[in-house]
Amino acid sequence: MLKANISNSKTCVVLENKGKTDNRETQVEVINSAKSFGIVVLKQLIVPVSLVVNIALLRVSMAWRSHGQTNDELVDNLKAHNIIQHDEVEKAMKLVDRGLYAPHNQYMDAPQSIGYGATISAPHMHAYALELLHEQLKSGGKVLDVGSGSGYLSACFAMMVGEKGKVIGIEHVPNLVTQSIKNIEKHAPELIASGRVKISVGDGRKGYEPEAPYNAIHVGAAAEQGVPDELIKQLAPGGRMVIPVGNKLGMQALEQIDKLLDGQIVRQSLMDVMYVPLTDKDSQYTKW
Ligand code: SAH
């Protein structure tokens with residue numbers, strides 16, 4: 001574990017880098033298995049390395065293999081593979097049928113193109129995001145979904161924060177904003193009509209000040225220039241952001257950024273990932 005303290009007068013940033021390996025899928029799963037069984041427990045039991053590696057490899061083979069024939073089957077498989085761990089996440093993903101958001105291969109555990117250089121993320125990445133933000137997605141919570149794309153996660157967030165909660169989606173491709181609203185209206189028009197979900201055209205790197213602060217911020221595209229300060233500012237004390245950080249051609253890390261109640265910022269690098277870049281709309285796709 002690498003720890004670096006970057007202090008200024010108000011904040012202390014802790015960078016934690018867990019279990020780096022050369023194989024990005026292995027790393028994802030080593031971390032996932034460590035999370036499932038508890039890192040401390042594994043250390044205390046002095047489990048043979050080979051067993052840990054075997055568990056990790058078994059999980060590697062399952063992370064991308066939660067495909068189903070239906071949405072329920074897909075969600076059941078994500079749960080069987082321990083990617084979904086909380087009932088609330090399972091319930092939200094069952095209420096939001098991915099078939100209404102993905103134009104093809106709806107129940108395949110892989111990202112799918114939605115046009116304009118964008119993708120709907122893979123179901124296992126959606127599940128990881130909901131699990132990581134689970135504590136912040138309680139009833140009445142406020143959520144910012146940056147790069148809301150298909151609208152799928154915005155709808156899941158809305159299911160989890162309930163009638164008293166609010167979800168703001170920010171997406172810089174106007175056609176995707178229109179399409180995502182239509183997608184949500186196919187099964188839950190009340191979310192849009194009531195204002196519980198509001199999706200706007202904008203540059204997500206600036207967040208959305210008028211509704212800040214947010215208990216949870218999800219960023220669905222990789223920040224090449226580092227984590228935008230505005231997003232950290234718009235996080236509520238006790239809030240959590242999940243954001244991929246890194247170059248579009250190189251390695252990206254999914255980071256979890258917590259703002260503690262006293263304002264301290266704690267950053268953890270969780271796993272290597274591959275997302276489309278958080279960028280200017282003109283450089284994302286020039287033909288629209
Ligand atoms: N969670 C979404 C991910 C969509 S892909 C889903 O699963 O459907 C990432 C999205 O980020 C794309 O739709 C892209 O258009 C958008 N994006 C990239 N840079 C952006 C920016 N600066 N501001 C807002 N949206 C951005």
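Side chains are part of it too, since the values below use all heavy atoms of this structure and drop only hydrogens, waters and symmetry mates. Counting starts at 1 for both ligands and their atoms, following the listed order.
Asp272 places no side-chain N or O within 3.5 Å of a backbone atom of Ala253 that could act as its donor or acceptor partner. A donor-acceptor contact shorter than 3.5 Å is absent between the side chain of Asp145 and the backbone of Leu153.
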Pair Glu209, Gln234 - check side-chain contact (heavy atoms from CB on, under 4.5 Å), show working. CA-CA 7 Å; Glu209 237 293 313; Gln234 291 177 27; 3.9 Å; yes
Given side-chain contact (heavy atoms from CB on, under 4.5 Å), test Val146 with Leu144 step by step and report yes or no. CA-CA 6 Å; Val146 173; Leu144 180 68; 3.8 Å; yes
Step by step, would you call Glu211 with Lys166 a salt bridge (Lys or Arg N to Asp or Glu O under 4.0 Å)? CA-CA 9 Å; Glu211 294 281 355; Lys166 189 157 188 182; 2.9 Å; yes
side-chain contact (heavy atoms from CB on, under 4.5 Å) for Leu191 and Met159? Distances and angles first, verdict last. CA-CA 9 Å; Leu191 291 181; Met159 297 303 176; 4.1 Å; yes
What do the steps show when you test Ile199 against Ile184 for side-chain contact (heavy atoms from CB on, under 4.5 Å), and what is the final call? CA-CA 10 Å; Ile199 303 198; Ile184 295 170; 3.9 Å; yes
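Protein heavy atom closest to atom 21 (C) of ligand 1, with residue, atom name and distance, is His172 ND1, 3.4 Å. In terms of protein heavy-atom proximity, atom 7 (O) of ligand 1 is nearest to His126 NE2, 2.8 Å. Protein heavy atom in closest approach to atom 16 (C) of ligand 1: Glu171 OE1, 3.3 Å. Nearest protein heavy-atom neighbour of atom 9 (C) of ligand 1: Gly220 O, 3.3 Å. Ranking the protein heavy atoms by distance from atom 11 (O) of ligand 1 puts Gly147 CA, 3.2 Å first. Residue, atom and distance of the protein heavy atom nearest to atom 4 (C) of ligand 1 are Thr119 O, 2.9 Å. At the top of the distance list for atom 19 (N) of ligand 1, counting protein heavy atoms only, stands Thr279 N, 3.1 Å.
Taking any N or O of Gly204, backbone or side chain, at least one lies under 3.5 Å from an N or O belonging to ligand 1. Geometrically, ligand 1 and Ser121 share a nitrogen or oxygen pair separated by less than 3.5 Å. Considering both main-chain and side-chain atoms, Gln284 comes within under 3.5 Å of ligand 1 through a nitrogen or oxygen pair.
Look at Asp76 and Lys94 and you find a salt bridge, because one of the NZ, NE, NH1 or NH2 atoms lies within 4.0 Å of a carboxylate O, short of that distance. A salt bridge links Asp280 with Arg205: the distance from a Lys NZ or Arg NE/NH1/NH2 to an Asp or Glu carboxylate oxygen falls below 4.0 Å. A salt bridge is absent between Glu230 and Lys206; no separation between the charged side-chain nitrogens and carboxylate oxygens falls under 4.0 Å.
Which parts of ligand 1 touch Arg205 is read off a 4.0 Å heavy-atom cut-off, strictly below it: atoms 22 (N). Residue Val173 approaches ligand 1 through these ligand atoms, each under 4.0 Å from one of its heavy atoms: 15 (O). Every atom of ligand 1 with a heavy atom of Gly202 under 4.0 Å away is listed here by number and element: 23 (N), 24 (C). In summary, the atoms of ligand 1 found under 4.0 Å from a heavy atom of Pro277, numbered by their order in the structure, are 18 (C), 19 (N). In the vicinity of Ala118, heavy-atom distances shorter than 4.0 Å reach the ligand 1 atoms 12 (C), 13 (O). The Asp203 neighbourhood of ligand 1 comprises atoms 21 (C), 22 (N), 23 (N), with distances under 4.0 Å to a heavy atom of that residue.
Ring pair Tyr101/His187 is perpendicular by interplanar angle, where above 60° counts as perpendicular and below 30° as parallel.
If you look at Ile120 next to ligand 1, the close heavy atoms, those under 4.0 Å, come from the backbone and the side chain alike. Counting heavy atoms under 4.0 Å from ligand 1, residue Lys281 does not touch it at all. Under 4.0 angstrom from ligand 1, the non-hydrogen atoms of Val276 all belong to its side chain. When non-hydrogen atoms are compared, ligand 1 lies under 4.0 Å from the side chain of Leu176 (C-beta onward) but not from its backbone.
Checking Ser200, Ala221, Ser150, Ala223 against atom 8 (O) of ligand 1, the nearest heavy atom belongs to Ser150.
There is no side-chain donor-acceptor pair under 3.5 Å between His134 and Gln85.
Aromatic ring centres of Tyr152 and His126 lie closer together than 6.0 Å.
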